[in-house]
Amino acid sequence: MNYRISDRAAALSPSLTLAIDSKAKQMKAQGLDVVGFGAGEPDFDTPQHIKDAAARALAEGFTKYTPAAGIPELRQAIAEKHRRENGLDYKPSQIIVSCGGKHACYNVILATCQPGDEVLIPAPYWLSYPEMVKLAGATPVILPTSDQTEFKITPDQLRAAITPRTRLLVFNSPSNPTGTVYSPDEVRAIGEVCVEKGVLIMSDEIYEHLLYEGAVHRSVASFSRAHYEHTILVHGFAKAWSMTGWRLGWCAAPEPIAQAIDAIQSHSTSNPTSFAQKGAVAALTGPQDHLKSWLAEFDRRRRFAWQALNRIPGISCVNARGAFYLFPNIAGTGLKSTDFCARLLEAEKVAAVPGIAFGADDYIRISYATSMANLEKGLERIERFCRTLRG
Ligand SMILES: *Cc1c(COP(=O)(O)O)cnc(C)c1O
C-alpha cells in the first residue's frame with residue numbers, strides 16, 4: 001500500500017512546542033522533578049458560574065446540533081461585548097463561533113487566502129499562523145523584529161513588505177510569544193498602512209484582557225470605518241476565562257467573509273459543542289470579577305520573573321505588558337534556542353520553549369502561567385545552568 005501523504009500535509013512543520021512538552025512529560029512520568037515553563041494556558045480553573053451554566057444545559061438536554069455558526073444567544077452576547085468593550089458595531093450575523101480561537105484563525109485564512117497570495121506574519125509569531133497559511137496554499141512572508149523594538153513592526157517595514165500579491169496581515173497584540181502590547185497609536189498606524197494598500201488584517205485579540213502596568217488594548221477595527229472594513233477580528237474564551245479545553249472562539253468579520261466562514265464551517269466541523277456554548281454565554285454575560293485576582297497574580301509573577309531573568313548572566317529580557325509570557329534574549333549565553341532548551345531540560349530539568357519555534361532563534365519563551373514556587377525554583381535552575389555555560 002502506498003500511503004502517500006498529501007503535499008498539503010507533508011509541508012507542515014512538526015510542532016516543536018509539543019516535542020519539548022512530551023519530553024518533559026516523559027521525564028515527569030519517570031518521577032523526575034521537572035519545572036515546566038511551556039504552558040500556553042492559564043493555570044486557573046474555569047470560573048464556577050460558567051461550568052454551572054454548561055452543566056445545566058447538559059442536564060436539560062441541550063445536546064443536539066445547533067446552527068453551524070453558533071447559537072443566536074451567544075452570537076448576540078459576543079456582538080454586545082464588542083459594542084460595550086471595543087466600541088465596535090457587529091451584527092450577530094457577522095459573528096461566527098468556532099471550535100477555539102485557533103479554529104477561528106484557520107477559518108479566516110481559508111476563507112480569504114489562496115495559492116498566489118502572500119500573508120505577512122510579524123516574527124516572533126504564534127507558531128500555527130504560518131502553517132495555517134501553508135494549508136490554505138498561500139505563502140507566509142515573515143517580518144522579522146527583535147527585542148530592540150520590543151518585537152514591534154513599524155509602519156515603514158510593513159509598507160516595504162507589501163506587494164501586489166499581499167492579501168492579509170496577521171496581527172497579534174497582546175502577543176504570544178513575546179507579551180508585547182502595541183500602543184493605540186501604533187495599532188492605528190499599522191491599520192492605516194493596510195487600509196492604504198488594500199490589505200486585510202486578521203487581528204488576533206485573544207489576550208485583550210491580560211494587560212499590566214496600565215497597558216491599553218485598542219482593536220485595530222475601532223479607529224475608522226475603513227479600519228473596520230479591513231479587519232477580521234479573532235477572539236476566544238481560552239485565555240481570559242480559562243476555557244482552553246472547551247474549544248470555543250469566534251471571529252467578527254465583514255458580512256461576506258462571515259458568510260464564507262459559515263459555509264466552510266458547516267462542511268467541516270459544523271457547530272461548536274452545544275452545551276459548551278451555553279457556558280460561553282455565561283462567561284460573557286456573568287460577573288467578570290475572577291479577572292481582577294488573576295491579573296494581580298499574573299502581574300506578581302511577571303515582575304518577579306522579569307527581574308530574575310535580567311539578573312542571569314547571558315540573558316536579557318525586555319519588559320512585556322501583556323499575555324502571560326516573557327521572551328528573554330539568550331544570545332549572550334552563546335547558544336541557539338534549540339540547544340539551550342535541550343541542554344537546560346537535560347541538566348536542570350526545566351522545560352522552556354525554544355524561540356526558533358516562533359521564528360526567533362536567539363530567544364526562549366517563558367510562560368508565567370505557573371505557580372510562584374515553580375517560578376522561583378525554575379529561574380534559580382536557569383541561573384545555575386547559565387553560570388555553568390560561562391565557567
Ligand atoms: C491560545 C491562543 C489562541 C486560541 O487558542 P484556542 O485554544 O484555540 O482558543 C489564538 N491565538 C493565540 C495567539 C493564542 O495564544
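For ligands, and for the atoms within them, numbers begin at 1 and follow the listed sequence. Counting from 1, the numbers follow the sequence of the chain as shown.
- Heavy atoms of other residues, nucleotides or ligands lying less than 6.0 angstrom from CD of E131 number more than 12.
- Judged by distance alone, the side chain of R165 and the main-chain N or O of D117 form no donor-acceptor pair under 3.5 Å.
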F44 and F298: CA distance, side-chain angles, deciding distance, ring-ring contact (aromatic ring centres under 6.0 Å, His included) verdict: CA-CA 11 Å; F44 307 112; F298 275 146; 5.2 Å; yes
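- Judged by the 6.0 Å distance and 45° axis criteria, R218 is positioned over the aromatic ring of F223.
- A salt bridge does not link K28 with D33: every distance from a Lys NZ or Arg NE/NH1/NH2 to an Asp or Glu carboxylate oxygen is 4.0 Å or more.
- R4 CZ: 12 or fewer foreign heavy atoms inside a 6.0 Å radius.
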Does ligand 1 have any N/O atom under 3.5 Å from a protein N/O, and what are those pairs and their distances?
residue: ligand 1; atom: 7 (O); partner: R247; partner atom: NH1; Å: 2.7
residue: ligand 1; atom: 8 (O); partner: G101; partner atom: N; Å: 3.1
residue: ligand 1; atom: 8 (O); partner: K102; partner atom: N; Å: 2.8
residue: ligand 1; atom: 8 (O); partner: R247; partner atom: NH2; Å: 2.8
residue: ligand 1; atom: 9 (O); partner: G101; partner atom: N; Å: 2.7
residue: ligand 1; atom: 11 (N); partner: D204; partner atom: OD2; Å: 2.6
residue: ligand 1; atom: 15 (O); partner: N176; partner atom: ND2; Å: 2.9
residue: ligand 1; atom: 15 (O); partner: Y207; partner atom: OH; Å: 2.7
residue: ligand 1; atom: 15 (O); partner: K239; partner atom: NZ; Å: 3.0

